[in-house]
*Asks:* 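Take this structure first; my questions come after.
Just so you know, ligand 1 is whichever comes first in the structure, and atom 1 is the first atom listed for that ligand.
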Amino acid sequence: MTRTPVTIIGLGLMGRALAAAFVRAGHPTTIWNRTPGKAQDLVEAGASQAPTVADAVAAAPLVIVCVRDYDAVRELLAPAEAALSGRVLVNLTSGASDEARALAGWAAERGAGYLDGAIMMTPPGIGAPQTVILYGGSPSLYETHEQTLTVLGGGTTLISSDVALPSLYDVALLGLMWSTFNGFMHGAALVGTEKIAATDFLPMATDWLKGVASFLTAYAHQIDEGSFAAEDATLETQIPPVRHLIHESRLRGIDATLAEYTERLLTEAVAGGHALDSYARIIDHFRPTPA
Ligand code: NAP
């Protein structure tokens, strides 16, 4: 079977993992990086190093870019603009939705197809069956290259024909991740004041997260239906426990900011007349203020 030749531009931690996955899967793989010296092991594994970025773009119909940010993508592709015509640019660089839309327009003006992707994994997971990469762009373009793109992760999927949506999902999911990390750090610091190891706290925390995920299922339905009657715990019921968390944190010399923020969300919602609603009502706080 002939595998589609691919070019990988950007050999940071992620770009190197992407290139290695294509080499392993038998795709003719061309690589380029702004700073030389990062390609040796990939070349030894079978990749070809292009002398210039324009040569890299010209080497394959599918050009994958993964660098620090969208400004870097524009900057590095500027000398290769002419070579982009007739190729498909796949941008796996993280960014915001407006940047994705603008880059898609820029690529179209140069005669290139464009797919935008968000990698929901760290480099060691690239190529694994469960690794998710979210794509946005033309369904027919995606379909043409789906098999090749799946080399990077078995959970690769087209979520929308809108190139902006992968970036939007990316930041939404990262926000969820950081909030969860912060909750874990706060909890581990609290029990740590009693010399309880984070690894001992871990099993309870991960079991608790399963319960939390089940609460989210109910809340997501309430948000979509716009009906917030508490079936588990009312907002006013949750104010005393969050105050216990603030008190306990201060008692043990631990930063209580996270808990104070939660207290503010709860008291504002209760003051707004939503004392008997479920936690899903807090969505109002996060929604844009109507113009
Ligand atoms: P990294 O290790 O810091 O590598 C950054 C890459 O960007 C290097 O190849 C660097 O080239 C290049 N670069 C930076 N500025 C440039 C410029 N002005 N012109 C040309 N090239 C430039 O970062 P990474 O971990 O590979 O991440 C790359 C992208 O993947 C980021 O958008 C990141 O958010 C995203 N991502 C990363 C992860 C992860 O876990 N690492 C997960 C999901 C998504 P030089 O070698 O010349 O400096």
*Asks:* Once rounded to the nearest 0.5 Å, what's the spacing between atom CD of Gln222 and atom CG of Asp224?
*Replies:* 10.5 Å
*Asks:* What atoms in ligand 1 come closer than 4.0 Å to a heavy atom of Gly10?
*Replies:* 9 (O)
*Asks:* Who's the nearest protein heavy-atom neighbour of atom 48 (O) of ligand 1, and how far?
*Replies:* Arg34 NH2, 3.0 Å
*Asks:* Please state which protein non-hydrogen atom is closest to atom 40 (O) of ligand 1 and give its distance, to 0.1 Å?
*Replies:* Pro123 CD, 3.2 Å
*Asks:* Given Tyr70, which partner from the list Asp98, Asp116, Thr93 fulfils the side chain to side chain donor-acceptor pair (under 3.5 Å) test?
*Replies:* Asp116
*Asks:* Using a heavy-atom cut-off of under 4.0 Å, does the side chain or the backbone of Met120 touch ligand 1, or both, or neither?
*Replies:* neither
*Asks:* Just to confirm my output: which protein heavy-atom neighbour is closest to atom 24 (P) of ligand 1, and how far is it?
*Replies:* Met14 N, 3.8 Å
*Asks:* Report, in ascending order of atom number, the atoms of ligand 1 lying under 4.0 Å from any heavy atom of Glu75.
*Replies:* 18 (N)
*Asks:* Should you measure from each heavy atom of Arg68, which atoms of ligand 1 turn up under 4.0 Å away?
*Replies:* 7 (O), 14 (C), 31 (C), 32 (O)
*Asks:* Please list, in number order, the atoms of ligand 1 under 4.0 Å from a heavy atom of Thr93.
*Replies:* 32 (O)
*Asks:* Can you see whether His186 engages Ser249 through a side-chain donor-acceptor pair at a distance of less than 3.5 angstrom?
*Replies:* yes
*Asks:* For Leu11, counting its heavy atoms only, list the atoms of ligand 1 lying under 4.0 Å from any of them.
*Replies:* 9 (O)
*Asks:* What protein heavy atom lies closest to atom 46 (O) of ligand 1? Include the residue and the distance to one decimal.
*Replies:* Lys38 NZ, 2.6 Å
*Asks:* Going by a strict under-4.0 Å cutoff (protein heavy atoms only), does atom 3 (O) of ligand 1 have a neighbour on the protein?
*Replies:* no
*Asks:* Same cluster for Leu115 and Met121 if Ile/Leu/Val/Met/Phe/Trp/Tyr side chains link at under 4.5 Å?
*Replies:* yes
*Asks:* Give me the ring orientation class for Phe215 and Trp208: parallel if the planes are under 30° apart, tilted from 30 to 60°, perpendicular past 60°.
*Replies:* perpendicular
*Asks:* Just to confirm my output: which protein heavy-atom neighbour is closest to atom 45 (P) of ligand 1, and how far is it?
*Replies:* Thr35 OG1, 3.4 Å
*Asks:* Mind checking whether Met121 has a heavy atom under 4.0 Å from ligand 1?
*Replies:* yes
*Asks:* Of the protein's non-hydrogen atoms, which lies at the shortest distance from atom 44 (C) of ligand 1, and what is that distance?
*Replies:* Ser94 OG, 3.6 Å
*Asks:* What is the closest protein heavy atom to atom 30 (O) of ligand 1, and at what distance does it sit?
*Replies:* Cys66 SG, 3.3 Å
*Asks:* Check this for me: Tyr219, atom OH, are more than 12 non-hydrogen atoms of other residues, nucleotides or ligands nearer than 6.0 Å?
*Replies:* yes
*Asks:* Might you point out which heavy atoms bring Phe228 and Ile223 nearest each other, and give the distance in Å?
*Replies:* CE2-CA, 4.0 Å
*Asks:* What are the atoms of ligand 1, with element, lying closer than 4.0 Å to any heavy atom of Thr122?
*Replies:* 40 (O)
*Asks:* Suppose we measure from atom 11 (O) of ligand 1 to each protein heavy atom; which comes out shortest, and what is that distance?
*Replies:* Asn33 OD1, 3.5 Å
*Asks:* Checking the N or O distance criterion of under 3.5 Å, is ligand 1 in contact with Gly12?
*Replies:* yes
*Asks:* Hey, could you give me the CZ/CG distance between Phe22 and Leu42, rounded to the nearest 0.5 Å?
*Replies:* 12.5 Å
*Asks:* Would you confirm whether Thr30, through its side chain, and Ala50, through its main-chain N or O, come within 3.5 Å as a donor-acceptor pair?
*Replies:* no
*Asks:* Is Glu260 paired with Arg250 through a side-chain N to carboxylate O contact shorter than 4.0 Å?
*Replies:* yes
*Asks:* Whether Arg101 and Asp162 form a salt bridge (side-chain N of Lys/Arg under 4.0 Å from carboxylate O of Asp/Glu) is what I want to check.
*Replies:* yes
